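Okay, structure first, notes after.
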Amino acid sequence: MVSDHARREMKKDNLNDSDAINIVRGGAVREPEWENGSWRYRVDTPRMGFVVAFDPEPDVLPDAKADLSEVEWVVVTAWRIRS
């Protein structure tokens, strides 16, 4: 899921959903920060950065034995790093 704010920021920097997926797969994850009621994780590469959070209102809360690979994350914001 991509927030409205992130969608606007991605459009400004010509970023797309594939960029978000690729950065989460291969970017450097920084220490989380507690902001606006959720833990947010900055994930970046030398070329772009994204901030993601776990879905604050999932349809179903995972139990202790759940496969957490199915937990949704939300792209909060994004930017392209210009050198």
Side-chain angles (χ1 to χ4, degrees):
M1 179 175 162
V2 179
S3 71
D4 291 339
H5 171 78
R7 192 64 72 195
R8 288 189 302 272
E9 294 301 312
M10 289 167 66
K11 186 176 180 179
K12 284 183 196 176
D13 286 339
N14 196 30
L15 298 169
N16 58 45
D17 291 357
S18 293
D19 293 317
I21 292 167
N22 288 335
I23 200 166
V24 169
R25 283 182 167 169
V29 179
R30 307 301 175 190
E31 289 291 321
E33 296 179 7
W34 182 257
E35 187 175 329
N36 296 326
S38 66
W39 287 103
R40 295 176 179 215
Y41 300 81
R42 178 179 170 168
V43 186
D44 54 22
T45 68
R47 302 176 89 187
M48 65 187 88
F50 283 72
V51 173
V52 299
F54 291 102
D55 186 351
E57 297 179 15
D59 293 334
V60 177
L61 291 174
D63 63 23
K65 296 179 183 177
D67 177 5
L68 296 181
S69 68
E70 298 299 319
V71 174
E72 282 191 39
W73 46 273
V74 177
V75 177
V76 178
T77 193
W79 60 94
R80 185 171 301 278
I81 297 170
R82 304 206 192 315
S83 51

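Index from 1, following the sequence. Side chains included, hydrogens not; waters and symmetry mates left out as well; all remaining heavy atoms used. Quick caveat: nothing in here was measured; it's all calculated off a predicted structure.
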message: If I take atom CE from residue Met48 and atom CH2 from residue Trp79, how far apart are they, to the nearest 0.5 angstrom?
response: 11.5 Å

query: Of all heavy-atom pairs between Val76 and Ser3, which one has the smallest distance, and what is that distance?
result: O-OG, 3.1 Å

message: Rounded at 0.5 Å granularity, tell me how far CZ in Arg7 sits from CG in Asp17.
response: 4.5 Å

task: Consider only side-chain heavy atoms of I, L, V, M, F, W and Y, link residues closer than 4.5 Å, and tell whether Val24 and Val2 are in one cluster.
output: yes

field: Distance, nearest 0.5 Å, that separates CD of Glu33 from OH of Tyr41
entry: 11.0 Å

message: Would a single hydrophobic cluster contain both Ile21 and Val43, if residues Ile, Leu, Val, Met, Phe, Trp and Tyr are joined by side-chain heavy-atom contacts under 4.5 Å?
response: no

message: Using every non-hydrogen atom in the two residues, find where Met10 and Ala78 come nearest and quote the distance to one decimal.
response: CG-CB, 3.6 Å

Gap separating the CZ atom of Arg40 from the CZ atom of Phe50, nearest 0.5 angstrom: 15.0 Å

message: Would a single hydrophobic cluster contain both Trp39 and Val52, if residues Ile, Leu, Val, Met, Phe, Trp and Tyr are joined by side-chain heavy-atom contacts under 4.5 Å?
response: yes

query: How long is the gap from CZ on Arg80 to CG on Asn14, to the nearest 0.5 Å?
result: 6.0 Å

- prompt: Would you say Arg47 has more than 12 foreign heavy atoms packed within less than 6.0 Å of its CZ?
  reply: no

query: Between atom CG of Leu15 and atom CG of Asn22, what is the distance when rounded to the nearest 0.5 Å?
result: 11.5 Å

statement: Those residues at least two apart in sequence (or on a different chain) that pass side chain to side chain donor-acceptor pair (under 3.5 Å) with Asp13 are Arg82

task: Without swapping roles, check the side chain of Thr77 against the backbone of Val51 for a donor-acceptor pair under 3.5 Å.
output: no

task: Group every Ile, Leu, Val, Met, Phe, Trp and Tyr by side-chain heavy-atom contacts under 4.5 Å, then state whether Val75 and Ile23 land in the same group.
output: yes

